[in-house]
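Along the sequence shown, the residues carry numbers beginning at 1.
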Amino acid sequence: MTFRARLSEYEFILNTLLNYAEIAETAKFSEASPDVASAILAEAGRLANDTLAPLQRAGDVSPAVLDGTVLRTSPGFAAGFRAIADGGWVGISADPDYGGMGLPMSLTTAVMEMFSSACISLQLAPLLTQGQIEALEDHASDAIKALYLPKLNAGEWIGTMNLTEPHAGSDVGALTSQAVPNDDGTYAITGQKIYITWGDNDFTSNTCHLVLARLPDGPTGTKGISLFIVPKFLPDKAGNAGDANSLSVVSVEHKLGLHGSPTCVMQYDGATGWLVGAEHDGMAAMFTMMNNARLGVGGQGIGVAEAAYQQALAYAQDRKQGKSKGGSIADHADVRRMLMESKADIFAARTIALDCARAIDMAKATGDRHWQDRAGFLTPIAKAFGTEIGMRVSETGVQIHGGMGFVEETGAAQFYRDVRVTAIYEGTNGIQAMDLVARKMLDGGDMAHLLIDEVEVQAERARTTHPKMADAVWNACESLRETTEWMVAQQDLDDRFAGAVPYLMAFARVLGGHYHLAAAMADIGGPRETLARFYITRMLPQHIGYLAHAQAGSEGLFDLLDEML
């Protein structure tokens with residue numbers, strides 16, 4: 001199967017649905033005109049198609065391994081990462097003062113999704129580095145920025161995120177890693193971290209770890225955590241990788257998927273680190289990196305869904321079986337349903353992610369609180385829905401392949417194995433949903449209602465051209481509004497949390513209807529109108545069940561005794 005990036009789809013969504021020109025009209029992004037954006041997407045597409053996609057299977061069948069103290073990456077990954085770095089793609093949205101390209105997050109999101117489609121295991125390396133770059137830009141001292149950012153942007157050095165510890169899981173506040181001040185302004189970092197994506201490699205001269213640890217006077221919980229940058233090799237006077245730091249890779253995890261991406265257990269034994277941000281305020285700096293990664297992980301889900309769909313479609317069109325109009329299983333009604341559902345959901349999830357990226361761009365360009373709040377609200381939806389769709393479409397791809405989908409040689413199963421973790425890392429999808437109904441509704445639901453209003457205004461306009469679809473979207477909005485009001489009214493957070501995931505999925509379903517309706521209005525009589533009708537008629541109604549679940553609260557949730565579970 002040959003992967004091809006959907007360049008026309010990105011351009012349609014950005015230019016027709018999301019008004020990319022508004023971003024390019026700001027002073028911050030004035031050089032990123034629609035024509036420039038189109039050229040950038042085309043170049044990224046060529047890299048994804050021709051260089052990265054051929055590495056997908058190599059990463060799965062020849063995993064990264066720890067050979068003594070040396071981590072050896074999959075065949076071709078070194079050249080693949082160098083192609084990404086040499087093209088400037090690591091620092092695509094980074095500050096030009098430190099070697100970045102300074103392009104909008106909208107383009108970064110599209111580019112990184114393409115790279116995920118081509119080879120998600122390798123794409124994780126620049127994704128984590130980009131998150132570290134943003135955290136350092138926002139929180140590090142000028143000296144750290146000047147030393148680290150140019151090398152990270154150039155892909156000479158790579159960045160990681162170190163949060164999780166064996167005993168703590170998602171409870172970051174329970175960490176036990178310690179940071180003891182040294183006499184020279186550095187800190188001695190001691191502790192063990194697990195699940196460290198790309199904790200080491202054999203193709204960059206340094207690996208730079210952002211590590212959460214507690215100072216001796218740090219209070220318990222997340223409020224007492226500080227953030228440190230801890231490189232594998234200590235920079236010398238010239239700023240190059242010098243002597244080895246006191247850290248090591250203990251082991252590389254054996255995983256369900258993402259075999260080409262080394263997930264490391266890291267040990268720090270008095271390793272030298274430098275403080276990033278203020279003491280005891282490490283979570284604020286780390287959340288900058290995590291929020292960047294959450295949108296990126298949503299894009300990973302969408303990217304893998306696209307690749308899985310393309311392979312399933314090619315197989316269905318080629319596979320001859322039974323009696324059908326065209327002779328292939330693609331013309332069997334149930335197979336066609338699966339293909340249509342996959343394509344419609346990819347479009348919905350992709351547009352949500354790009355809309356979130358647009359809000360980030362407008363927030364950075366204008367400083368407007370509205371755009372900041374919009375980006376904050378859409379981030380958990382983009383992450384959770386994007387990864388849910390990644391899992392569903394990949395699983396559907398296996399089903400379309402039939403028995404051959406269960407055979408590893410076809411590669412269909414790899415998509416599902418690779419994408420499964422995206423619903424877990426960077427905050428599980430349950431955590432994303434709880435964030436949505438709790439922290440993101442501290443405004444009393446104002447941003448939720450603004451988005452609902454926006455959807456209804458467009459539905460009103462669509463009544464003249466697509467009355468049935470417009471009515472369906474408008475009615476779904478009213479149901480979503482009622483459930484949003486119910487959520488805000490609940491004082492017991494368990495009542496919100498019990499239905500948080502269904503609520504998030506319902507919100508995503510309605511937003512999907514909104515974007516599909518906009519596409520139909522822009523493509524009357526065309527394929528996008530056909531796809532929109534399929535989604536709004538057959539898939540949007542799922543919101544009813546989700547909202548019923550959401551409003552059930554926690555009643556009866558804990559009635560079944562533990563010994564009966």
Side-chain angles (χ1 to χ4, degrees), residues 28 85 90-102 105 108 125-163 172 175 177 179-182 184-189 193 196-199 204-215 218 222-242 245 247 266 268 271-294 296 360 363-364:
K28 184 173 182 61
V90 179
I92 179 173
S93 286
D95 188 343
D97 289 344
Y98 297 100
M101 295 172 68
M105 182 58 66
T108 299
L127 177 69
L128 269 294
T129 304
Q130 288 169 349
Q132 185 173 113
I133 288 168
E134 185 169 358
L136 294 180
E137 284 182 349
D138 289 356
H139 300 282
S141 66
D142 289 342
I144 288 176
K145 290 179 185 178
L147 175 59
Y148 285 87
L149 287 177
K151 290 180 170 57
L152 290 168
N153 282 321
E156 295 176 30
W157 294 359
I158 198 172
T160 76
M161 181 192 315
N162 286 234
L163 292 85
V172 179
L175 66 78
S177 294
V180 178
N182 295 319
D184 59 359
T186 64
Y187 296 80
I189 312 299
K193 299 289 184 176
I196 309 308
T197 301
W198 279 100
T204 63
S205 60
N206 211 349
T207 302
C208 307
H209 304 283
L210 277 183
V211 183
L212 288 176
R214 200 182 307 277
L215 292 166
T222 56
K223 293 182 179 179
I225 297 174
S226 301
L227 183 64
F228 305 87
I229 189 159
V230 188
K232 177 182 178 181
F233 295 106
L234 298 170
D236 61 20
K237 291 182 179 180
N240 299 314
N245 207 345
L247 59 87
M266 300 297 304
Y268 299 88
T272 301
W274 286 261
L275 183 69
V276 175
E279 292 186 354
H280 316 313
D281 197 27
M283 287 305 295
M286 188 60 89
F287 264 116
T288 299
M289 185 171 186
M290 289 174 67
N291 282 329
N292 176 296
R294 283 173 175 172
I360 292 172
K364 287 184 176 180

[atom1]/[X] to [atom2]/[Y] distance, rounded to the nearest 0.5 angstrom?
X	Y	atom1	atom2	value
Gln130	Met105	CD	CE	7.0 Å
Ser93	Lys364	OG	NZ	6.5 Å
Met101	Thr108	CE	OG1	8.5 Å
Asp95	Lys145	CG	NZ	8.0 Å
Ile229	Leu275	CD1	CG	11.5 Å
Ile133	Asp138	CD1	CG	12.0 Å

Would you confirm whether Asp236, through its side chain, and Gly239, through its main-chain N or O, come within 3.5 Å as a donor-acceptor pair?
->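 A pair under 3.5 Å: yes.
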When you compare the side chain of [Y] with that of [X], does any pair of heavy atoms fall below 4.5 Å?
X	Y	result
Leu128	Gln132	no
Leu152	Tyr98	no
Ser205	Asn240	no
Ile158	Val90	no
Leu210	Met161	no
Trp157	Pro235	yes
Tyr268	Phe228	no
Leu212	Asn162	no

Checking side chain to side chain contact (heavy atoms under 4.5 Å, CB included) for the pair Asn206/Lys151: CA distance, chi angles, key distance, verdict?
-> CA-CA 9 Å; Asn206 211 349; Lys151 290 180 170 57; over 6 Å; no
Heavy-atom closest contact (Leu215 atom, Ser226 atom, distance) |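 It is CD1-OG, 3.6 Å.
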Work out which heavy atom in Ala85 is nearest to a heavy atom in Gly155; give both atom names and the distance.
->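 Answer, listing the atom of Ala85 first, then Gly155: CB-CA, 3.9 Å.
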How far apart are the C-alpha atoms of His139 and Leu227, what are their side-chain angles, what is the distance that settles it, and do they pass the side chain to side chain contact (heavy atoms under 4.5 Å, CB included) test?
-> CA-CA 10 Å; His139 300 282; Leu227 183 64; over 6 Å; no
Is the NZ atom of Lys28 crowded by more than 12 outside heavy atoms at less than 6.0 Å?
->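 Counting other residues, nucleotides and ligands, NZ of Lys28 stays at 12 neighbours or fewer.
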